[in-house]
2 protein chains.
Amino acid sequence: MGGATIKDVAAAAGVGIATVSRVMSGSGPVSEATRRRVLAAAETLEYRPSALGRGLKTRRTGAIGLLVPDITDPFSAELAAGVLACARAQGCHVVLDATGEDPDVEAELLERLAEQRVEGVIAVPVRRDPRPWEALTRLGPAVVFAGRTVPGLPSAPCVLADEAGGVRSVVEYLAGLGHRRVAFLGGRGADGPAVREEAFRATLAALGLAVEEDLFARARPTADSAFAAAASLFQRRPDLTAVVAGGHRLGEAAVLAARELTLRVPADVSIAIVEDVPWSELCDPPLTAVAHPARDLGYRACELLLRASAGGAARAPGRPVVLATELMVRASCGPVTGSMRTGRPR
Amino acid sequence: MGGATIKDVAAAAGVGIATVSRVMSGSGPVSEATRRRVLAAAETLEYRPSALGRGLKTRRTGAIGLLVPDITDPFSAELAAGVLACARAQGCHVVLDATGEDPDVEAELLERLAEQRVEGVIAVPVRRDPRPWEALTRLGPAVVFAGRTVPGLPSAPCVLADEAGGVRSVVEYLAGLGHRRVAFLGGRGADGPAVREEAFRATLAALGLAVEEDLFARARPTADSAFAAAASLFQRRPDLTAVVAGGHRLGEAAVLAARELTLRVPADVSIAIVEDVPWSELCDPPLTAVAHPARDLGYRACELLLRASAGGAARAPGRPVVLATELMVRASCGPVTGSMRTGRPR
DNA sequence: GTGAAAGCGCTAACAA
DNA sequence: TTGTTAGCGCTTTCAC
């Protein structure tokens, strides 16, 4: 009832436990006859080798920790799907946890994963402080960052999307459409480098367009704040002709705000979002977006992790793996026309 | 380096390993002095008690298996979020896996979870066959179904959404709007009871509306198939005034098909979907939908599981926990008007 | 080809 | 209050 052990099987098959072990793990020489007897015994007893016992002995658990901000977010979910796919292919299992973007939760979760003796952890990191990560690595598990890096750990293995390239591609696209006053809607908080905003500024500069601070809006990570930021941006600068949202939540807020202010998209204002979502096709109009290869990110991160934890930490530091983003041109961006909103508030 | 063990700590603190164990688990009497010494030693050695060793001894791993069809689907993700929240609160961790709606994958995953000695598994079940589940239970882990049941296991603990009530609420809403020819777009496959379709039929009957087989369309679970089914439905019955989609994928297909056929929503046809999605507000028009309490489902399922695995299997069978759905009235359904499409194909 | 024995890191009696 | 001891279920030499 409580689960048969290797001893039970050995007894039932009339062999030693070592033999059972050999049969179950398929290693070592076993005569075909005993092999069959053992298998039969295992079958009737419904024997399932305990991963605990095995792990204790072999010091390998086949467990991978996965830390995402919010499994409910399409990016996280897609990333997780990639990790799951790779992990399963390698016979590993995934312990999932959500940090909720909270550094303290993240730290606690890392402790728990360490206790579980995971072989590695894949994380979309929150905490800017490199120490918890270093501590974890010292304990054993390999760490691979996905989607973001930790500033203090330049050499940590990580798999990133080409954020800069993605932002550049939209901005250039918008510029090509004739837009000159393009706003950026970004996240607030000590979120660190704000790669997207930085790439936005850089591209503007490279294109010879003016960088007006007034065209930058920042929101806290709540729907309300995002909406407010978008709305006030639209009202503050009635002359802007396009806005790039640095995240899908922000983009949605922009769409809603535009709708609220009865701005037509893209006739009055073009909207593009960084981080494509599964429903961009269904929006009205369908949203032009920079798509991130989230699933690949997860898959690659897992590959990297497995390789690292296998080859010992003897892995060369290696540059980050950077995966391309893709500009999905849909209908929410249009050319600048003479009939566009000018300086006059509507 | 490789992680300190309880012995190391004991040696460093100059105590026996049992004392270390007592200190770490906070159980048993320990003098404040030794306690501090042990803690200090543990601190410097960066000691993390091994869940493997502990689990082997205590026969409790604190692991919960979670099997969803596809973590990328909003319902699954939301459910997972609920499970994670509850599990964390109880000090458990979650081993996530995706079945991809494949019974064989599901079966294999169950084996793996059994080997991991999870204390229970929460599953959105695929397989209609009760045996793998019974086998698992026999092995030890408690099983709780979420969102669906397995036909052969009426007494298995499960947490369900009130599908029938949800469908009834939309159909009644539609009927109240004057709709008489309401189509149903459902999934194909031996998917079993097809609760939603059944509830749809029942409600029609209860309302005294005719049940025309011609108004039922079924699609395989691919975007193409769903689109084709929706499109052919619209063309086959130009006189239908509303359609209920029995799933968000199907609903999206309906929206796209309507758009393709240049049917105006809701002027030409009303569309309602069962299974609300985070982006229904952003659609054009915003989608009226039956919202499922996915997160609560997950949370409750986890609660049930923990209680079951704690109280021994001595739990009373108990009826399924059924959580209410909510009709989210938005703009994709409208009243029937004289100017609606009649029998004439457009 | 097969079995006996020694642990892996931990907890839970039981002694002291 | 604390240490000793006996396993939990498994893999892995090392003899036979």
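A, B, ... follow the sequence lines: proteins, then strands. Residue 1 opens every chain.
Summarising the geometry of A:Gln90 relative to A:Leu306, their closest heavy-atom pair is CG-CD2, 3.3 Å, with the distance given to 0.1 Å. Of all the heavy atoms in B:Pro125 and B:Ala146, the pair that sits closest is CD-O, 4.2 Å.
Taking a 6.0 Å sphere around CZ of B:Arg300, one finds it holds 12 or fewer heavy atoms contributed by other residues, nucleotides or ligands. Around CD of B:Glu32, the count of heavy atoms belonging to other residues, nucleotides or ligands within 6.0 Å exceeds 12.
Electrostatic pairing of A:Arg131 and B:Glu46 does not count as a salt bridge here, judged by no charged N lying under 4.0 Å from a carboxylate O. A salt bridge does not link B:Arg48 with A:Glu115: none of the charged nitrogens is closer than 4.0 Å to a carboxylate oxygen.
A nucleotide of DNA chain C counts as in contact with chain B when one of its atoms lies under 4.0 Å from a heavy atom; the first and last such, 5' to 3', are C:dC8 to C:dA13.
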Check the interface with nucleotides 7-11 of chain D: list each N/O to N/O pair with the protein under 3.5 Å, or write none.
{"residue": "D:dG7", "atom": "N2", "partner": "B:Lys57", "partner atom": "NZ", "Å": "3.2"}
{"residue": "D:dG7", "atom": "N3", "partner": "B:Lys57", "partner atom": "NZ", "Å": "3.4"}
{"residue": "D:dC8", "atom": "OP2", "partner": "A:Lys7", "partner atom": "NZ", "Å": "3.3"}
{"residue": "D:dC8", "atom": "O2", "partner": "B:Lys57", "partner atom": "N", "Å": "3.3"}
{"residue": "D:dG9", "atom": "OP1", "partner": "B:Arg59", "partner atom": "NH2", "Å": "2.5"}
{"residue": "D:dG9", "atom": "N2", "partner": "A:Gly53", "partner atom": "O", "Å": "3.0"}
{"residue": "D:dC10", "atom": "OP1", "partner": "A:Tyr47", "partner atom": "OH", "Å": "2.6"}
{"residue": "D:dC10", "atom": "OP1", "partner": "A:Ser50", "partner atom": "N", "Å": "2.7"}
{"residue": "D:dC10", "atom": "OP2", "partner": "A:Ile6", "partner atom": "N", "Å": "2.4"}
{"residue": "D:dC10", "atom": "OP2", "partner": "A:Tyr47", "partner atom": "OH", "Å": "3.3"}
{"residue": "D:dT11", "atom": "OP1", "partner": "A:Arg54", "partner atom": "NE", "Å": "3.3"}
{"residue": "D:dT11", "atom": "OP2", "partner": "A:Ser21", "partner atom": "OG", "Å": "2.8"}

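Here the straight-line distance linking atom CG of B:Leu297 with atom SG of B:Cys158 works out to 9.5 Å at 0.5 Å rounding.
When side chains are defined from C-beta on, B:Pro132 counts as touching B:Arg127, because their heavy atoms get closer than 4.5 Å.
As judged by a 4.0 angstrom heavy-atom cut-off over every strand, B:Thr34 is placed among residues touching the sugar-phosphate backbone only.
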